[in-house]
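This report refers to the structure that appears directly beneath it.
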Amino acid sequence: MGPTVAIIGAGFGGLCMAIQLHRAGIGSFTVFEKGDDVGGTWRDNTYPGAGCDIPSHLYSFSFERYSSWTRRYPGQPEILGYLEECADKYGLRSRIRLNTEVVSAAYDETLGRWRVRAADVAEGRESEELFDVVVSAVGQLNRPHLPEIPGMSSFAGPSFHSARWDHSQDLTGRRVAVIGTGSSAAQLIPPVAEAAGHLDVFQRTPNWVIPKPDAAFNRAARAVFHHLPFTQRVYREWIYRYAEGTLYRALAGGWSTGLLRKRALDHLHAQVPDPELRAKLTPDYPIGCKRVVIDSAFYPALTRQNVDVVTDRIVRIVPEGVETETGIREADAIVYATGFLTTEFLVPMEIAGRQGRRLHDEWKDGAEAYLGIAVPNFPNLFLLYGPNTNLGHNSIVFMIECQVRYIMGCLPQLTERGPMEVRPEAMDTWRRALDRAMDHMVWQAGCASWYKNAAGRVTNNWPGSTPLYRRLTREPRPAAFRFAR
């Protein structure tokens, strides 16, 4: 039978955990999903042009290779379809409670179990259940961030965040303001620019942009992937090794940093002939300090005659549009492409561990977890895509699979020896190792990014290579934990 497991979230992480439990013959698990279907961020982000900047054959489970990808870089509908197919193939639908949001989880020391409270999203009705193990798979990119600009509620037209796209709004021929120029903005700006009568793109800080070598797989290539499965493995391995050998070395200040910077500058000069616009789009910080945008349609969209890149500071939102230091830019609609609340892990859930310790109090100086997976004083609580496990150069799916394998290795131990929690000494050692490794990464170069919390601590990214993380999480080390029956 195995332990009872509560999984929070039905995106890549939650589905991976559920599939591995199913494959191990452990059927005593429940997946709580606040949305109306599986998919996580790929269900929520439906803006025009939404897609992935990791090649499709790497942005998928190693144990569930998919031979029918239509493009080298998959779009949102195709990724969502892949996740839905995985849920159906492994019979997970009956284990997933849709439209059910976990409100709180409290560890009961008397029982050695978790009390999980969940609410029906539509009716607000709450219920409580007991579980031996809680696995959070809510990720880092699930809560939209709206900037604090005075007057936002006064705007007379429609306004919405890119992750909550209002498909009832037809932007054809209208004056549109897009605030933000990050990865989501780079994807949605080209189709919006093509439809809009005029588009103002409000940029606070330019991003380094490298080309996205996207292409459709022709019928022959898809047939080869389907009938010769080893070709998928070879192709996936080639993509993985390139990302690990070239992109990671650039972020770590290695031999490829100059090459990546030159590639970005060559891309900018090739696609933006106007020197004045090019100057606006040239970053003044080291490449990789903020997330590098991978896109080949972004720059051409900014050079269109109906597009203006506005770098004046925004003062406020007014009924007729966006007011900057130099005046009002009129708009019929505003799109906030301003990212997510990335450093507020597990918010708004209330998580209480031993002696009533609140997780958010423990993390007041910044979220942290041993291997990004376990937290002292919170027995049998495990995190997927937790603190310091985001990748700036490779597929997060790889990291999720490492974490799920590690948690699966913990289940027999906690079943045999009782609830397990990571020792504070192990956490201290881990923290020091992270800090030493982080000192060598470009994220510490001084620029502001979503990788850092308000205090400037990098809480999101993994500062090592993925082979290293795979070795560290190959199996649990019992000495790092304490057990209590």
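Worth saying up front: this structure is predicted, and the values here are computed from it rather than measured.
Side chain of Thr41 to main chain of Asn142: no donor-acceptor pair is present (N/O by atom type, distance under 3.5 Å, no hydrogens or angles). Formation of a donor-acceptor pair under 3.5 Å by the Asp132 side chain with backbone atoms of Thr4 is found in this model. Remark: the backbone N or O of Ala50 is not paired with any side-chain donor or acceptor of Asn45 at under 3.5 angstrom. Side-chain atoms of Glu401 come within 3.5 Å of backbone N or O of Ser62 as a donor-acceptor pair. In this structure, His145 contributes its side chain and Thr338 its backbone to a donor-acceptor pair below 3.5 Å. Of the possible polar contacts, none joining the Asn388 side chain to the Gly372 backbone as a donor-acceptor pair under 3.5 Å is found. Here the side chain of Trp462 pairs a donor or acceptor atom with the backbone of Ser465 at under 3.5 angstrom. Using a distance-only test at 3.5 Å, with no hydrogens or angles considered, no donor-acceptor pair links the side chain of Arg249 to the main chain of Trp255. Between the side chain of Thr257 and the main chain of Gly254, a donor-acceptor pair closer than 3.5 Å is present. Counting only distance, with no hydrogens or angles, the side chain of Gln403 and the backbone of Phe382 share no donor-acceptor pair below 3.5 Å.
Looking at Thr459 and Asn453, their side chains never bring a donor and an acceptor atom within 3.5 Å of each other. Side-chain polar atoms of Tyr406 and Glu475 form no donor-acceptor pair below 3.5 angstrom. At a cut-off of 3.5 Å, with distance as the only test, a side-chain donor of Glu244 or Thr466 sits close to an acceptor on the other residue. In this model, no donor atom of one side chain and acceptor atom of the other lie less than 3.5 Å apart for Arg204 and Thr311. For the residue pair Tyr451 and Gln444, no side-chain donor N or O sits within less than 3.5 Å of a side-chain acceptor on the partner. In this model, no donor atom of one side chain and acceptor atom of the other lie less than 3.5 Å apart for Tyr66 and Gln232. Using modelled atom types and a 3.5 Å distance limit, the side chains of Asp36 and Asn99 yield no donor-acceptor pair. In summary, the side chains of Tyr240 and Asn394 do not present any donor paired with an acceptor at a separation below 3.5 Å, with no hydrogens or angles considered.
Between Val209 and Leu268 there is no side-chain heavy-atom pair separated by less than 4.5 Å. Side-chain contact between Thr342 and Leu141: present, with at least one pair of heavy atoms (C-beta onward) separated by less than 4.5 Å. Here the side chains of Pro476 and Gln413 are in contact, with some heavy-atom distance below 4.5 Å. Annotation: side chain of Ile179 is in contact with side chain of Ile149 (closest heavy-atom distance under 4.5 Å). Thr343 has its side chain out of reach of Lys452: every pair of non-hydrogen atoms, C-beta onward, lies at least 4.5 Å apart. In this structure, the side chains of Leu247 and Ser256 stay at 4.5 Å or more apart for every pair of heavy atoms. Side-chain contact between Met420 and Cys410 is present, with heavy atoms from C-beta onward closer than 4.5 Å. Between Trp165 and His167 the shortest side-chain heavy-atom distance falls below 4.5 Å.
The side-chain tip of Arg143 does not point at the ring of Phe340 from less than 6.0 angstrom away and within 45° of straight on.
Contact check on Arg457 versus Asp365 returns no salt bridge, with no Lys/Arg side-chain nitrogen under 4.0 Å from an Asp/Glu carboxylate oxygen. Remark: Arg482 engages Glu421 in a salt bridge, criterion side-chain N to carboxylate O under 4.0 Å. A salt bridge links Asp428 to Arg431: one of the charged nitrogens lies within less than 4.0 Å of a carboxylate oxygen. Between Asp53 and Lys212 there is no salt bridge, since no side-chain N of the basic residue sits under 4.0 Å from a carboxylate O of the acidic one. With respect to Lys89 and Glu85, no salt bridge is recorded, no charged nitrogen being found less than 4.0 Å from a carboxylate O. Using a cutoff of 4.0 Å between basic side-chain nitrogens and carboxylate oxygens, Asp37 and Arg93 are scored as salt-bridged. Between Arg113 and Asp108 there is no salt bridge, since no side-chain nitrogen of the basic residue lies less than 4.0 Å from a carboxylate oxygen of the acidic one. A salt bridge does not link Glu129 with Arg115: every distance from a Lys NZ or Arg NE/NH1/NH2 to an Asp or Glu carboxylate oxygen is 4.0 Å or more.
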Pair Phe481-Arg423, side-chain contact (heavy atoms from CB on, under 4.5 Å): steps then yes or no: CA-CA 5 Å; Phe481 292 86; Arg423 294 179 180 275; 5.6 Å; no
Evaluation steps, side-chain contact (heavy atoms from CB on, under 4.5 Å), between Ile400 and Ile396: CA-CA 6 Å; Ile400 288 171; Ile396 187 59; 4.3 Å; yes
Pair Cys86-Ile19, side-chain contact (heavy atoms from CB on, under 4.5 Å): steps then yes or no: CA-CA 8 Å; Cys86 287; Ile19 289 171; 4.3 Å; yes
side-chain contact (heavy atoms from CB on, under 4.5 Å) assessment of Leu384 paired with Val138: CA-CA 8 Å; Leu384 297 177; Val138 297; over 6 Å; no
Salt bridge (charged side-chain N to carboxylate O under 4.0 Å, His left out) assessment of Arg358 paired with Glu362: CA-CA 6 Å; Arg358 297 177 68 252; Glu362 300 289 299; over 6 Å; no
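The OG atom of Ser136 lies 3.5 Å from the CG atom of Leu346; values are rounded to the nearest 0.5 Å. Remark: Leu359 CG to Asn377 CG distance equals 10.5 Å, nearest 0.5 Å. Here CG of Leu188 is found 11.0 Å from OG1 of Thr46. Values are rounded to the nearest 0.5 Å. Distance CD/Glu425 to CE/Met427: 12.0 Å, rounded to 0.5 Å. Taken to the nearest 0.5 Å, the OG atom of Ser56 stands 8.5 Å off from the CZ atom of Arg72. Atoms CE and CZ, from Met17 and Arg405 in turn, are 12.5 Å apart once rounded to the nearest 0.5 Å.
Close placement of the Trp114 and Tyr107 rings is indicated, their centers lying within 6.0 Å of each other. Ring to ring, Tyr336 and His161 are not that close: their centroids are 6.0 angstrom or more apart. Here the two rings, on Tyr82 and Trp69, have centers that are under 6.0 Å apart. You'll find the ring centres of Tyr59 and Phe12 inside the 6.0 Å limit.
Within a 6.0 Å radius of NZ in Lys262, other residues, nucleotides and ligands contribute 12 heavy atoms or fewer.
The minimum heavy-atom distance between Val38 and Ile96, with the atom names listed, is CG1-CD1, 3.6 Å. The two residues Ile287 and Ala264 have their closest heavy-atom pair at CD1-CB, 4.0 Å. For the residue pair Ile26 and Pro3, the shortest heavy atom distance occurs at CG2-O, 4.0 Å.
None of Gln76, Glu33, Glu84 except one satisfies the side-chain hydrogen bond (donor to acceptor under 3.5 Å, both in side chains) rule with Arg43; the exception is Glu33.
Ring planes of Tyr370 and Trp430: perpendicular class, angle over 60° (limits at 30 and 60°). Classification of the His267-Tyr299 ring pair by plane angle, with boundaries at 30° and 60°, yields tilted. Aromatic ring orientation, His360 versus Trp363: perpendicular (interplanar angle above 60°, classes split at 30° and 60°).
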